[in-house]
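Written out below as structure tokens is the structure these notes cover.
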Amino acid sequence: MRTINPLVLLALLVLLVAQSASTEAADLSGAWAIDSSTCGDIFTKKNNKLAFKQDADLHAGGIIVHGKQITGTFQKCTIKSLHDDGRDVRVIAACSDGIAVSDMEFDVKISGENKITLSSKEPVPVEMPYVRCPM
């Protein structure tokens, strides 16, 4: 059984919310971190595009959302489907860690301005808050 990376869950949730009818995709594009104080340690801009710094994986988790793509330091996901139940957005995404591709399912909840919470019930319940980094 594969363990779900909390960063991947966040990324998938962000994409789910980004595609919901109540939220425009552009609203969630950008850099997201677990801890706002680590934004400068995780992200940079290269040629006016967001990227991870070389040692980003040594700091609190982060993801970059661009359209239907969610990128973490170790995984990349593409949103396959979204379901908005009015409170949360259920996301199903195909994620690759460079070795294998697997479908992942999680919920995205907007928990405040520039704040989201990603959650998954399986294989173990996980809930991860993220904040948008000012880039």
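Start at 1 with the first residue, then count along the sequence. Just so you know, these numbers use all the heavy atoms, side chains as well, and skip hydrogens, waters and symmetry mates.
Taking the side chain as every heavy atom from C-beta outward, Ile110 and Lys115 never approach each other to under 4.5 Å. Side-chain atoms of Arg90 and Glu105, non-hydrogen and from C-beta on, do get closer than 4.5 Å to each other. The shortest distance between side-chain heavy atoms of Phe52 and Asp57 does not fall below 4.5 Å. In this structure, Ile63 and Trp32 have side chains that are in contact, with non-hydrogen atoms separated by less than 4.5 Å.
The NZ atom of Lys76 lies 12.0 Å from the CG atom of Asp97; values are rounded to the nearest 0.5 Å. Rounding to the nearest 0.5 angstrom, the gap separating the CE atom in Met104 from the SG atom in Cys77 is 6.5 Å. To the nearest 0.5 angstrom, Thr78 atom OG1 is 9.5 Å from Lys68 atom NZ.
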- request: Begin with the C-alpha distance, continue with both residues' side-chain angles, and end with the deciding distance and a verdict on side chain to side chain contact (heavy atoms under 4.5 Å, CB included) for Met128 and Ile34.
  value: CA-CA 7 Å; Met128 297 292 297; Ile34 293 171; 3.2 Å; yes

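Scanning both residues, Val101 and Ser96, for their nearest heavy atoms gives CG2-CB, 3.9 Å. The minimum heavy-atom distance between Val131 and Asp35, with the atom names listed, is CG2-C, 4.3 Å. For the residue pair Ala56 and Thr73, the shortest heavy atom distance occurs at CB-CG2, 3.9 Å.
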Please set out all donor-acceptor pairs under 3.5 angstrom arising from side-chain atoms of residues 39-51, sequence neighbours excluded.
| residue | atom | partner | partner atom | Å |
| --- | --- | --- | --- | --- |
| Lys45 | NZ | Met135 | O | 3.0 |

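Judged by distance alone, with hydrogens and angles left aside, the side-chain atoms of Arg132 form a donor-acceptor pair with the main-chain N or O of Ser29 at under 3.5 Å.
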